[in-house]
Every structure is written in structure tokens, then in C-alpha cells.
Amino acid sequence: MRKIFFLSSIPALLVLAGGCKKILEVTPQSSITEQTYFKNEGDFDPYVTGIYTFMRSFANNITYGTERSEELISGSNSRFTVAWSQIITPASGAINYNDWYKAIGHCNLLLDRIKPFAFSSADTKKRILAETYCLRAYCFFHLTRIIGDAPLMLQAITDENVPLLARSPATEVMKQIQLDIDTALIVFKSMSTFSATSYPSKYRFAYGSAQALKADAKLWSAKVLGGGTSDFNDAITALTEVESTGVSLNTDFKNVSGIRAATNTEDILAAYFQRDEAGANYGLNALPFLTIVQGALNLDSIPYVKASGNGQGAYQISAKSKALFTTSGDKRIPYTWITERQSSGPKISWITKYPGSVYTDDRISDNDIIIYRLADIFLMKAEAYAALNNTTQAIIYLQKVRTRAGTGTYSGATDKASVEKEILDERGREFYFENKRWYDLVKFHYGGTINVYTYVPNLVGKTTPLFWPLNTTVLANNSKLKQTDGY
Amino acid sequence: MKRNFFPLRGRLFFLLALLLSSFFSHAQTALINGKVADSSGAPLDHVSVRVKGTKTGTATGADGSFTISTNARNPVLVFSRVGYTTQEIVPAQNTSLAITLAISKDELTDVVIVGYMQQSRTRTTAAISKLLPDELKNTSNPNPVQALQGKIAGVSIPITGGQPGSGATNIIIRGGTKPNGYGSGVSTSGGNVLGSADDVSPLVVIDGVFRVASAMNDLNPDDIESLQVMKDAASTAIYGAQGANGVIVIKTKGGKFNSKMSLSLNHRSTWETQARSYNYINAEQYLRLARTTVKNTFDAIDKNNLLNNGGFSAGTRLYTTKGQYGQDINLTALYDNVVAIEGQGYVDNLLTKGWKTMDDPINPGTKLLYADNNYQDLLWNTGITQNDNVAINGGSDRASYNVAFGNTNQAGIFAGTRYKRYNALGNFSFKASDNFKLDVMLSYQNIRPNYVENFQNELIRGIRITPLIRIFKDNGDPTVGEIYTVRNRFHALKYDDTRVTTERYTSRVGGDWSILKGLHFRPSVSYFMEDFRYLFMRKATPASEIQPSTQRQKSEYTNNARQLMIDQVLQYDITVADDHHFTVLGGVNYTHTTASSISIGSQRASNDYIYTINEPATTVINGVTTSNVTDFNTTLGETKSASMFGQFSYDYKSRYLLSGALRYDGYSNFAPENKYAWFPSISAGWNVHEEKFWNIKFMNALKLRASWGGTGNSKLSITDTYGGYSATQYALGSGILRSNLSNPNLKWEATVTTDLAFDASFFNSRLNLTVDFYDKRTKDRLSPKPLPSESPFPSITYNNGELQNKGVEIELGATVLKLKGFTWKTNVSFAFNRALITKLPSNGRAKNRQGGDIVYDAAAKSLVEAGGFAEGERPYGLWGYKVDGVFATDAEAAAWNAKVKDNLASPQGIIVGKHAGDFIFRDVNSDGIIDTKDQVFMGYRNPDKIGGMQNTFSYKGLSLRFTMDYALGHTIANGALARSLGQGRAFNEGAPPEALGSDIWQKSGDAGKKYARFSFADFDFGQRNYLRGATLGNNASYSTDVSAMFDKGDFLAFRELSLAYDIPAGVMRKIHATGLNVFFSVYNLGYLTGYKGLNPEIYSGYDPGGYPRPRQYSLGGTLRF
């Protein structure tokens, strides 16, 4: 009893002896907290690696890059959001952009925390900085293409005090994007081991992919934001840089999505997918499952899955996209779609661009999602030249893509309008289902090549703005925000 | 912090007491002395000894002895003590008296534990409800939580499922301190439906050991001696940081000193059956309905694939090779085709086995071959439970003991579900010396349940597969079902092996040292261990089948939790001048918890023989080295809390009562400057009937009481305070990202409760009434506060405003009839609770609303903000889209299409437009568009009125019990029906009888119908007649926020009917037994409710179907020696 008394007195004594703060001290053993993280230079590389998961998720989001374009119609199932039907209002289909600001917030935090750290290897710090600037630029660029004007959140948020920002004009957002990319390029170049041809990983930003992003943003700026000639010229300069980073076209179009980015000579930047890491990509909705294609005479050529959980059979290529493939011998066709042939006749045209990987159990839609590849660089360059009315140069770059596709020498009209339309069509063929089409259509709409309101079937007769509205949650939490124009 | 606050106070009282006792004890003429003991011979202290008719009196000491002097002639001594029958004695002269006081039967149950004190019911000022001991006798369920339902005013026990062993998501006392105690949405965990519910469960104290509320779930009801619920601050403030959601105090059965050994054997068997069953139309009806529906629909579905290419279970396809049909998941086939491929003999054999044929309803002249899988009959069974309990108890004058063992093996109604438990309990008391008593409690539990592993896939979805899906292949193996996410239960049972065990050990040693008269020191130490282990193996499934996404998977998860708790209490009781009773105590508590978990998983096992992991870490697949590791994670958690507390109670002649408590609590998960907080309470009572002026004949007792006090809630994680970073992966590289914002300014959440009440007894206590009014305000709620969307996180854990729960509780107990051995006793309870958000941090919005959306207010003719949390609003309302009817004809629909666009139909459906049979949704704001602005208020998710009634009829040895409970004020969306009438995209869900009923649109011209047409792919291709989420409604995937699917959930449950009989003692003596009680009971008899769905006991707003509560028939008996 004395012992119990003694034992049980210990805490009492501790409390009474003034240890009342200490007695409750707990060192987190399985939680990493603000107190423990960013205390070491080794904490930054995992952090930037983590931010790439956001790049992966944006690259994989086809609501904003594809659904509003003409590319898709429903397959055996239907998995569209209202974006596809172009019925977008503040009360249906509006965006909550918090995911983008989550990613931007991670970049801001890293950029803030890294300041006082003198790394043992200056190059490591530079690489991390450059990649983070690229990622922030990527996120803002992705967002501004969806909503236009966007709040420029550039500060690291660490508590509940979040400044209420108004939307900065898209041109200001674009300036920030270019500033981030230029900063990244300078930092890349200042590395002691700098080499323009070095891609330490095709899944992360490197010098070449930063230039590709720059060119992409410049083209958008030139056409959509009225940046004009100087932007086109900047784009051409950046694209020329990318061309000299040692990338080359796959000879066989099959390998464009068939070979993983890590070893794909054509790829500049891709979002990493592998079933055990990230599950399936958006191709899941396109792949048919056996029950809906069984009995097809060409079943063996259809990239079907066995379990409907691995493929939803919800998308097929639209007639309008198919019609872009005017050359019957276009080598891209088999790797773009296949028409299911039943004994009753042709049926659904299944998309074969991202056919997934076949495992012992089933086919899994886990191809890397390409963000930039050389063919894109060529066609962007063609686009810039065409816009500058240098159609000769434009056709040279257009031809590089046509040659690989086996569609012969371009023999169409060489006036600016025709070449620009041809480039748009070529992009439709080359990058079908690569999650770029809607942005292309917006760009060429502003560039005067097409009228997107007559081009996209579901937009015909509608006046839905080309940028998305903000949803009520976004607006309610920040009184300084104005709804997107047109809503 | 004042370090010596309590010791100082203790010393003061001690001095005061010394002073007073010397002052009052001066001698007179005749001396009478003696000893008072209880029926077991143990000395009784604090017995009041008075000379009748005089003011002379004293009290017994710790050894039961007393000395009293009187000069009265022929004095009569009155011995009284709370809990004992008062005795009057005429003492013989010059003798030492030996008095034995009998325990008062009525009073026995009326001793309540208030914090660290015990008090008689009459002297307490707290709102405490006690479960009558009979309510836990012979329960049909191994989980005591089930027996609590509807029996305690103000305590809501939402039991939504019938899984064996299951309890409630939360036990919600007076609405809880968080608005979402009942949960919203549907997800699953450990075999139970769990919405995203806030944890508002009370602190459970089992034999003095603080435990989490779920600890009650596995407690053997047969071991419980008493269970009480503390609701107001007067009773919960002493628990400080953990008391805000109420406290349940459970005491397990112990032995009695000086009692003969008693052995009791109890056995009961329970048969459980489906109470409310899933009704699906049969194969023939379904085949007809499905084929005609697909043929006639305007929805842009792939009709040819469905009907002619085996795209769904009512579709046919052309088989080309032998054996194909017998493997296919669809039972529907073309008769001629199967004959041609498999042979006439095969088909004839099938026909003898129950296969049938019919003329194709959409293609007359074609003969269909099909069979009904009778899946529902296979799935739902009568589950049998065996429950055995053995208890041995008794005691000598120095020691007492109770040793009990229990074994439960419960089989559920859903195939393969089971709950097994062994438990052992030992309660020992030793009088180590005259002034020191030692209590030792040891308990052990071993629980091995078999739950439905994936509630969603195997239960909510899996049970809905159509009667035309093959369940067993020709070779006898089960099929997958539709796919793994809509899985055949028998497939899971064959290929999945799950072994779950939980072992818990609790040990507690407590001492009681009487240092001086009235001064007790009570130290205790307890150690609690919980070891949870989950082992899962999925065996290889036949290669010809669809494969699971993770093949030959194994996983193991273990969690080892420990809790060390040390208490020291110093208590001083003193009676001054006979009538002033003081109890003062002070103490400290220290609690340290640790948890260690390990989870590992592998895939691609090489064999199915063992369920432990012995796979190589990697495999080469498609030339790529791929990891076989699916899970690889360990965690260590630790929390500490330290507290000091003081409690006092005072009464004058049991007439005026005053109590108070103060606790100073510290918890490790708060930031250093916010670690500690004070929790005070004060309460007072007035036993009006003790006053001389009291002269109301029919009302023999009236007590008024009031209490005020504060309690806390420390349920927050260390990362809420300090921020968190968690691991992620990209391109095979390890990443780390911040996972939430830190908020080092987080303070304790404080709940301040005011309680005003009266207890009244009428007709000599034949009718007892207790009414409590309370106002409970939870300030600085620990909950996420939304941040601007430009922030890196959508919300931050915050001290987020104030929640008020205000209400009234009424408990009425009565002996209704008492006639020649026949009695009818009844208890009725009613509670009304109104939850309101009363304060929110200023955010510039009207009512500082958080969340919500903009809807059109038809009355105000303007757009207004609604939903979410807003000051002055009751939380968790439900909005939906108002249905104004069903289009009878295409012409009606076309006229509507010309004026209104339904933006909420599926993108394909928008193109198709409305047709006959579709719902007419109301365009509330008349803008020609159906969108979120057209949401209409439907009701609230949670009930606001709950209660119950228990009746006991007894006649001689026979007793009949009948209990009921009810809940009113909640609204439910019938999700199960909606998903069967308008399916998502799975074309393979069975159809309910409603699909063929008179309320549903079936053909052009059907006017005035309640339900829209039965359809496939309502969500993917259709009009979203049924599967339409409202931003302010349930808004889960496939939720059905459509007014036609909402019903009031009000119900009266006929919970239990039982008949028990005590075999007369004379009969029992012949077998040397002291008693035999036999009983028969029925649990969950049925409901009186307007809600048409499966379960009116859904308080989350959405009824997905799932595991219905079974009806249980029990038979058993208890034999005592």
C-alpha cells in the first residue's frame, strides 16, 4: 500500500512541483509538424517532388482541357460533366479553384522556407528553386486558361490570415507566369552542371520543358491576351531552344504514347502514371470493358479491359474529330481510334491513344500523360510562324509532323488563314485525346482562325463564355472576387 | 497556476473540523454505546444516531461504533443512513448495542456516483439518469449500447445497422457538442456504416477507468451492475476536459463481504431474422420490366449492347463455344442458342434445376432461357446466437470476490457475419487492515468478429444485384457478381479470408485508506491494454474471371494501445451539529496514452496456403521491377493529460443542498500557452418537502435544483495545433507535402451548461417525475473554419464560434397498477433538443455563414444564402429539388421542354429532354432553368424529439416487459429505393415492387403518379429523376435529393417484449438450487412509421440500405446455486 501511495504520488508531486508545462510535453513520433519540417536542406527535394502530384492531377483533368472541345461523344456509357454539354453557369459546373491554389500554396511555402538555407550544394538549391518556379508557373497558366483573370497569391500562408485578393487581369497573371519561368531559366542556366540537353527526369521540369512551357504561355498570351508579335517571337525563341535539347520524334507513331516518357525520345515533359503509384489516368473512361464489346469481330484489336472498374467505355471519338483525318493512310489512325465491328455493322469508335498497359490480371489505363513532346514543339512553332504570316517556315514545321504521320507533303493553300486552319486541324489529329484541344480551340478562336461557337457542336446556339465561372463557395469566402465576365 | 490551492483548502477544512468536533462533544448523564454494521457484518460509518424527540445525536465512526449520552427517560434511538432502512431501538441498560441496518431496496438503486463521490439521490443536485438494472438482463444483443435505446431522457442512441455486435456511431447526450453527431453521407469502416460524423461520444468511465465510448460496445451486459448517465455540468465538470459530451459511468459487478458463495449459470439462445426485408421483384417480372424498359426508353443508352450483346443481366448474347453460358454472369440467354451450343440435354437438365423459359416480351416468338438466382434467399438467413455466462461470487469478513466468464457467439442475418466474444472479469476487495481497503479489478476481452468487409461493395451495392445474375457457376464456384464493387457475397466468402481479433486487458488497483475519522485517501492506478489485429488474405481467383485490382493480396494491421491512469483523491466527510453534512475532496489525475500501429500489405502471393506475408518485395512485370508492397507504415502516438480537481458538497438536513467542483486540466495536444484550462461548476438544490410548511398530501417530495458549469473537449490532434506534413509519391520518388495548416492559437473548446430542474414524487412515491431544462453552449468549437479558396487549404481547425443545445427532458416513473400481487410499472421519457449555431467568427457574410449556397426564396421573391452554418440557424437542414408531378404524356413533356431547361439532367439527358414518365421539377425562380437556385427546403437530418417507454407487468414470479422508443423530427431520403428505380450506370440492380406498383408511371397517359419511370442509367444518360444531388442536400454520389424520395422519419419502435418466470424456490430446493429464472423475448418487433424505406432509424438524412436491424427471438434462463 505504501508503494502504491508512493507510486501514485509521483504525478501529483510533478504537477505540484511546478512541472505542469513539462509533464505534458510530447514529442510527435509519427507526425511531422511545422516545428520539425524545413529544418534541413534535405527537406526541400521531397517537397518539390510532392508538388508534382498536383501537376499530375491537373494534366489528368480533362474537364477543362478536353470536354468542351469537339473531341468526345459518349461511348457505351457516359461520363461527361456539364462542361461537355456547354451548360456552364454559376449554379452548374462552376469551378472551385482551391486545388490550384493548394499547389500554388505549396510552391509559395517552399520558396519562402528555402530562403535562409545555404545548401551544401548550390546546384541542388538551384534545381529545387527552378523546378518550383516552373511548377508555380504551370499552375497559374493552367488556371488562367480556365478562368482568365485570377488572384495572384504569391505569399506563403501559414495560419488563418489569408489576404483577400481580387482577380488580377489575365495579362498580369501572364506576366507573373513569364517572370516565374524566366527566373527558373536563369537559375537553371546558373547551375554549374547546366546542360540544355539534360533531362534528369522527363517527369519533372528541366531547362527544355521550362522553355516549352514558356512558348506555350507566350502563344496563349499572343493570341488570347493580345500580346501579338513580340510574344510570337518569344515563343519561337523558346521553341528553338527546346528543339536543341536533344529530343527527337519517334519514327513510329505507335510509340508516342506506347513508350513511357522516361525512355521516350520525343517527350519533353510528362505526368507519371503507374498503377501501383497513381492508379489509372483519364483513359479509364475511354477504354471499353469486355461486356460492352464482346462479340466484336475485331475484338482482338480493341484495347478492352475485363473489369468495368478498369475501363468505363464512356468516351468515343467524335465524328468531327475523325473527319480531321482526311488522309486514309494517316499512320496515326490506328493509335487514335478503332471502330468496333459487330456482325450488325460498325459500332463505337474506341479511343486507342492511351491504351494502357496489359498486366496479367487486366489492362490498366496507366500510360504517362504527355504534357509536352517534340511534335507539339514543331506545331507550336508552325503556329507562331503562321501567325507572323511566315507561312513558309510554318509549313516547314507542319511538314515535320506530317512526314512522320505519313500524310504526304502539304499541298494546300499557303495563305495565313489556310495554314493556321491546317495547323489547328493538324493539332487535332496529332494531339487527339492529349488533353490540349479546348485550349487550342480557344487560342485559334481568339486568333481568328475559327469561331468556336460554330465549330464545337455543343456550343452552337449557345453563348456560354469560354472561361469558367467561380462557384458560390469561392465567391462567398472572398468578397473581393468578381464573377467571370459573361455570367 | 496555483500550486497549493487544494492542499491548502484541505488543511483548512481539517483544522475547522477538529475545532468543531471538540466544541460539540461534551459529556452528559447516561452513556449508550454500540456498533452498527450492515447485513454482512461490515461496520457502517456515518450512521446517524439520534435520540428520538430530542436534539441529541451523533454519528458512527469508521469502525461503526458510536457513543451517545442522553438524559432522556426510556430513550428511543433512531439509526439512519442513506441507502439503509431506518431502525428504532429501545436500548437495554448498560449494554453495548449491536445494530444491523438492512439495505433499503428503494434506496439501493438511488445512490449515484457524482464525479469522485457517491451521493444519495435525494442529496444530489446533478442531472443524472440511471439505467434500471432490469434493462440489462437477458439482452438479446451482446452490445449493452443496444439496451440503452430510448430509456434515458436526452440520450440518443442512433443504431443504424444490424451487424452482429454493432452499436451506435455515437451516443449523443443532449445533442452533443458538435453539430454533426449523427453523421452525414455514407462511408464504411470496420463493417459499419459511418458517415462523416463528428465525434460527440461521451466519456465512459468503467470502474473508475476513463475509456473511449466505443469501449462500451464490447462490454458484457451481464457484468454490469450499474450504468448511469451524467448530463449537466454539476455532474460532468469534475471530468473537465473530457466531460463536455456527457459521461457514462459503469460499475461492474463485485462480490459482497460476509456472503455465501453463489454460483450463477446463464444461457440464452437468440434467433435473428430479417425485420424489414429487401423486396425485389422476381426474375420473370424483372426480365419483362428490364427488356421493355430498355427497348422503349428515350435515354441514349446502348440498347443493342444491353439487349443483344449481354450488356446487362436481362440481355441475351450469342454463345459460340461450349461452357461459355455456364460461366457467364448473366442467366438470361436465347433458348435456341444454348440448345445449339450446349445440347438439349444440358438445357433439359437446367430446366429440372429450376431454369425457366419465356417468350421474349420485346421480340415475340423468341424463347428466352433464364433462372432466378434466389440471391436474397441465400443472403439472408436466420442467425443463431449462443450466449453463456458463469459467475461466482461471495465473500468473507476480510475479502469479497466476483469472478465471471462470458462467451457469446452471434451469427448475423447476412451470410457470413458473426461476432464472437470471450470475456472474463474479476472484482476483488480486501480489507487489508481496519483502516485500509484494497479493490482489485481485472478484466479481459477477446473479440473476433466477422463483419461485411466492404459495406458499400458487398452490402449496399452487392445485395441489389438482379435475380438474373449468376451466383454460382456450373462448376459450383461463386461468380464475382457484377464486378468487385458490386460483389457476390459468396465470392467474398470463398476467396477472402479475414481474421480480426481485439484483446483488451484492464487492471485497476484502488485503495481506500481511512486516515482519520471521515478522512479518506483513495489512490488508484489502472492500466489498460488493447491489441487489435487485422489479417486479410485474398486467395487466387479463377483466371477466367474478372480479377480484383490487387491480386492475391494480403494485409496485416495491428494497433497496440495503452493507457496508464493514476488518480489520487483525498476526501473528508464531516457532519457538524448533526445537520450540516460536508464532503470535501481534492485530487490529481494523470493519464498517459500511447498507440503503436503497424500496417503492411503485399500482393501477388505465390500461394494461398498462408495468410501471413512471405512474398518477395518486388516482381518483374512487363520488364519493370514492380513492388509487391501495398502498404508499409508504422505510427506511434502519444498523449498526456494532467489534472487537479476539487469537489465539495454540503447539505443542511438534506434540505438545502450545495455542491461545486473545479478541475484544472492540461492536455498535451494544445500549444504550450493553451495547454491548461479551468472547468468549474456550482449547483444547488432545495428539498422543499423537508420544510415544515410542506403540506401537500398527494405530493410527497419536491426537489428544485439548478446547476451551472463548464466542461471541455480535447479531441484534437497534435497536427491541428502544430500543422502536419505527410508523405506522398511521384514518379517512384518520395514526396512530402504539408497536409494542414497549423493553428497554435487553438484553445480548449468549452461547453457551459445551465440546468434548471425539479424532481417530484406523488402518492407516496408511486409516481415520480423529473423535469430538466437545460441550455448548453459550446464555445470556441474546435472545428474547421472555411478559408478563402486562394489559400493552400480549404479550411483550418479553429475555435469556430458557438453551438447551443437547448431543451427539456422529462422522465416519468410510475407504478400504474398494484393489485393483489399484480403490478404494472412504467417509465416514460421524452426529450426535446434544439441545436442552434449561435455565433461564428466574423467573415463579412450575412449571419457569418460558413459554406452554403444561393437559393431562391419563393416567399421573399429573391435569391438568398442558405445551408452550411449560419448564426441563428439549426444546422444540417436538407434541401432538394421539388417534384410537381410526373409527365403523363410526351406532349406534356414537350410543352415543358419548350419553356424550361433542366440543367441538372445528365449531359446526354439534357440533349434528349423530358418525356412522359419524367419528374416535373419545379422552376422555383421561374427563370426557365432548373439549377441549384431551385433547391427547396425539405427538413432536417436529425430528430429533435426522442424518448421511450418501458413497461413491466409482474404477477408473482411472472414478469412481462414491453419497451418502446421513438424519434421525431428527422427527414430521410430513401436512397435504396431511388437507386433501384433509377440506376446510376450499373444496369444490374434489382428492381423493387414499386417499379410495377400503382404509384409509378408505366405507360403514356398514366397521370398523377408519385414516381417517375423506372429507368437504367438515370445518372449517366437519363434525366436524373432519382439520382440528383442538391448542393445543400445529401449531395453524395448518387444521392437522391428529390422531394418525391424524402419522407419524414418519425417512428415509434416496438423494441422489446419479454416474458420471464421465476420458478418457485420450493421446486428449486429439490435440486439444491436457489433460483431459476427462465425467459423468452422478442427484440425489434417493428415500427409504427410513415417512412416507407428500410430503416426509419436513419438520422443522417440518407438511407442507402445496408444491414437492417434484425428481429431477435431469445430464449434462456439463469440458474443459481
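Labels below follow one simple rule: chain letters A, B, ... track the order of the sequence lines, proteins then strands, and each chain is numbered from 1. Note that the structure is a prediction, hence the values are computed from the model and not measured.
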Participant: One pair to check against side chain to side chain contact (heavy atoms under 4.5 Å, CB included): A:Asn77 and B:Phe1021. What are the steps and the verdict?
Facilitator: CA-CA 8 Å; A:Asn77 275 321; B:Phe1021 283 99; 4.2 Å; yes

Participant: When only pairs under 4.5 Å are counted, which of A:Ala307, A:Ser357, A:Gly105 shares the most heavy-atom pairs with chain B?
Facilitator: A:Ala307

Participant: Grab the two heavy atoms, one from A:Arg79 and one from B:Asp1020, that are nearest each other, plus how far apart they are.
Facilitator: NH2-OD1, 3.2 Å

Participant: Report which part of A:Thr36 has an atom under 4.5 Å of a heavy atom belonging to chain B: side chain, backbone, both, or neither.
Facilitator: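 Neither part, no heavy atoms under 4.5 Å.
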
Participant: As a quick check of understanding, evaluate side chain to side chain donor-acceptor pair (under 3.5 Å) for A:Glu277 and B:Tyr730, giving each step before the final call.
Facilitator: CA-CA 7 Å; A:Glu277 180 177 299; B:Tyr730 179 76; over 6 Å; no

Participant: Under 4.5 Å between any side-chain heavy atoms of A:Asn477 and B:Arg845, yes or no?
Facilitator: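 A:Asn477 vs B:Arg845: side chains touch.
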
Participant: For the interface with chain A, which of B:Ala432, B:Ser906, B:Ser549 has the highest count of heavy-atom pairs at distances below 4.5 Å?
Facilitator: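 With the most close heavy-atom pairs to chain A, the winner is B:Ser549.
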
Participant: With a 4.5 angstrom heavy-atom cut-off, could you sort out which part of A:Phe54 is near chain B: side chain, backbone, both or neither?
Facilitator: side chain

Participant: Classify the side-chain pair A:Gln294/B:Asn309 by whether it contains a donor and acceptor separated by less than 3.5 Å.
Facilitator: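 Looking only at side-chain atoms, B:Asn309 and A:Gln294 do not form any donor-acceptor pair under 3.5 Å.
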
Participant: Checking B:Gln850 against chain A: side chain, backbone, both or neither under 4.5 Å from a heavy atom?
Facilitator: neither

Participant: Is there a side chain to side chain donor-acceptor pair (under 3.5 Å) between A:Ser76 and B:Asp302? Walk through the geometry before answering.
Facilitator: CA-CA 6 Å; A:Ser76 204; B:Asp302 189 347; 2.9 Å; yes

Participant: A:Tyr359 and B:Gln547: side chain to side chain donor-acceptor pair (under 3.5 Å), yes or no, with the steps?
Facilitator: CA-CA 11 Å; A:Tyr359 295 90; B:Gln547 295 297 305; over 6 Å; no

Participant: So which part of B:Glu638 gets closer than 4.5 Å to some heavy atom of chain A, the side chain, the backbone, both or neither?
Facilitator: both

Participant: Can you tell me which portion of A:Val358 sits under 4.5 Å from chain B's heavy atoms? Options are side chain, backbone, both or neither.
Facilitator: backbone

Participant: Relative to chain B, which segment of A:Leu110 carries a heavy atom at a distance below 4.5 Å: side chain, backbone, both, or neither?
Facilitator: neither

Participant: Got B:Gln908 and A:Ser74 here, is their nearest side-chain heavy-atom distance under 4.5 Å?
Facilitator: yes

Participant: Between A:Ser344 and B:Asn304, is a side chain to side chain contact (heavy atoms under 4.5 Å, CB included) present by the stated rule, with each step listed?
Facilitator: CA-CA 10 Å; A:Ser344 53; B:Asn304 185 54; 4.3 Å; yes

Participant: Using the side chain to side chain contact (heavy atoms under 4.5 Å, CB included) rule, take A:Asp276 and B:Thr626 through it: C-alpha gap first, then chi angles, then the decisive distance, then the call.
Facilitator: CA-CA 8 Å; A:Asp276 286 330; B:Thr626 310; 3.0 Å; yes

Participant: Looking at every non-hydrogen atom in both residues, tell me the closest pair between B:Leu737 and A:Tyr47 and how far apart they are.
Facilitator: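 So the minimum-distance heavy-atom pair works out to CA-CE1, 3.5 Å.
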
Participant: Name the region of A:Ile51, side chain, backbone, both or neither, that has any atom closer than 4.5 Å to a heavy atom of chain B.
Facilitator: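 Contact with chain B involves both backbone and side-chain atoms of A:Ile51.
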
Participant: Measuring heavy-atom distances to chain A, does B:Thr485 have an atom under 4.5 Å in its side chain, in its backbone, in both, or in neither?
Facilitator: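 Answer is neither: B:Thr485 stays 4.5 Å or more from chain A.
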
Participant: With a 4.5 angstrom heavy-atom cut-off, could you sort out which part of A:Arg275 is near chain B: side chain, backbone, both or neither?
Facilitator: side chain

Participant: Among A:Gln342, A:Gln86, A:Arg56, which has the most heavy-atom pairs under 4.5 Å with chain B?
Facilitator: A:Arg56

Participant: If we define contacts as heavy-atom pairs under 4.5 Å, which of B:Arg604, B:His592, B:Glu790 has the most with chain A?
Facilitator: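 The option with the most such pairs is B:Glu790.
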
Participant: Quick one: what part of A:Ser479 sits under 4.5 Å from any heavy atom of chain B, side chain, backbone, both or neither?
Facilitator: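 Neither part; nothing is under 4.5 Å.
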
Participant: Less than 4.5 Å to any heavy atom of chain B: does that hold for the side chain of A:Phe289, its backbone, both, or neither?
Facilitator: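 When you check distances to chain B, no heavy atom of A:Phe289 falls under 4.5 Å.
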
Participant: To the nearest 0.5 Å, tell me how far A:Thr49 OG1 sits from B:Leu732 CG.
Facilitator: 11.5 Å

Participant: Is it the side chain or the backbone of A:Asp362 that comes within 4.5 Å of chain B heavy atoms, both, or neither?
Facilitator: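 Looking at A:Asp362, nothing touches chain B.
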
Participant: Could you tell me whether the side chain of B:Ser742 and the main chain of A:Glu34 form a donor-acceptor pair under 3.5 Å?
Facilitator: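 Looks like no, no N/O pair under 3.5 Å.
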
Participant: Which pair of heavy atoms, one from B:Ser791 and one from A:Asn98, lies closest together, and at what distance?
Facilitator: O-ND2, 3.0 Å

Participant: Apply side chain to side chain donor-acceptor pair (under 3.5 Å) to A:Thr472 and B:Asp853, showing your working.
Facilitator: CA-CA 6 Å; A:Thr472 46; B:Asp853 203 349; 2.8 Å; yes

Participant: Which residue out of B:Arg849, B:Lys640, B:Lys933, B:Lys901 racks up the most heavy-atom pairs below 4.5 Å with chain A?
Facilitator: B:Lys640

Participant: Examine whether an atom of A:Gln274 lies under 4.5 Å from a heavy atom of chain B, and if so say whether it belongs to the side chain, the backbone or both; otherwise answer neither.
Facilitator: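 Only the side chain of A:Gln274 comes within 4.5 Å of chain B.
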
Participant: With a 4.5 Å limit on heavy-atom distance, are the side chains of A:Lys347 and B:Asn305 in contact?
Facilitator: yes

Participant: B:Val480, B:Leu787, B:Ile911: which one forms the most heavy-atom pairs within less than 4.5 Å of chain A?
Facilitator: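 Among the listed options, the one with the most contacts to chain A is B:Leu787.
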
Participant: Quick one: are A:Lys102 and B:Pro794 in side-chain contact, heavy atoms under 4.5 Å?
Facilitator: yes

Participant: Who wins among B:Leu636, B:Asp931, B:Leu318 for the most heavy-atom pairs under 4.5 Å with chain A?
Facilitator: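 Option with the top pair count is B:Leu636.
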
Participant: Against chain B, label A:Tyr37 side chain, backbone, both or neither, depending on which of its atoms sit under 4.5 Å from a heavy atom there.
Facilitator: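 Contact with chain B is through the side chain of A:Tyr37 alone.
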
Participant: Would A:Lys306 and B:Glu545 pass as an ion pair if we require N to O under 4.0 Å?
Facilitator: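 Looking at B:Glu545 together with A:Lys306, the answer is no, because their closest N to O distance does not fall below 4.0 Å.
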
Participant: Hey, is A:Asp112 close enough to B:Arg738 for a salt bridge, meaning N to O under 4.0 Å?
Facilitator: no

Participant: Report which part of B:Ile910 has an atom under 4.5 Å of a heavy atom belonging to chain A: side chain, backbone, both, or neither.
Facilitator: side chain

Participant: Below 4.5 Å from any heavy atom of chain A, which atoms of B:Asn903 appear? Answer side chain, backbone, both or neither.
Facilitator: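 For B:Asn903, heavy atoms of backbone and side chain both lie under 4.5 Å from chain A.
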
Participant: So which residue, B:Pro744, B:Ser668, B:Gly311, ends up with the most heavy-atom pairs under 4.5 Å with chain A?
Facilitator: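 The candidate making the most pairs under 4.5 Å is B:Ser668.
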
Participant: Considering only heavy atoms, which portion of B:Thr320 lies under 4.5 Å from any heavy atom of chain A: side chain, backbone, both, or neither?
Facilitator: neither

Participant: For the residue pair B:Gly310 and A:Thr291, what are the closest heavy atoms and their distance?
Facilitator: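 It is O-CG2, 3.2 Å.
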
Participant: Which bit of A:Ala278 is near chain B, if near means a heavy-atom gap under 4.5 Å: side chain, backbone, both or neither?
Facilitator: neither

Participant: What is the minimum heavy-atom distance between A:Asn96 and B:Ser789, and which atoms define it?
Facilitator: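 It is OD1-OG, 3.6 Å.
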
Participant: CZ of A:Phe38 to CD1 of B:Ile736: how many Å apart, nearest 0.5 Å?
Facilitator: 9.0 Å

Participant: Identify which part of A:Ile364 has an atom lying under 4.5 Å from any heavy atom of chain B, answering side chain, backbone, both or neither.
Facilitator: neither

Participant: What part of B:Tyr798 gets closer than 4.5 Å to chain A, counting heavy atoms only: side chain, backbone, both or neither?
Facilitator: side chain

Participant: How close do A:Asp361 and B:Pro548 get, heavy atom to heavy atom, and via which atoms?
Facilitator: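 That would be OD2-O, 3.6 Å.
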
Participant: Given heavy-atom pairs under 4.5 angstrom as the criterion, report whether the side chain, backbone, both or neither of A:Gln155 touches chain B.
Facilitator: neither

Participant: Hey, mind stepping through A:Ile157 and B:Phe793 against side chain to side chain contact (heavy atoms under 4.5 Å, CB included) and telling me if it holds?
Facilitator: CA-CA 9 Å; A:Ile157 305 291; B:Phe793 295 96; over 6 Å; no

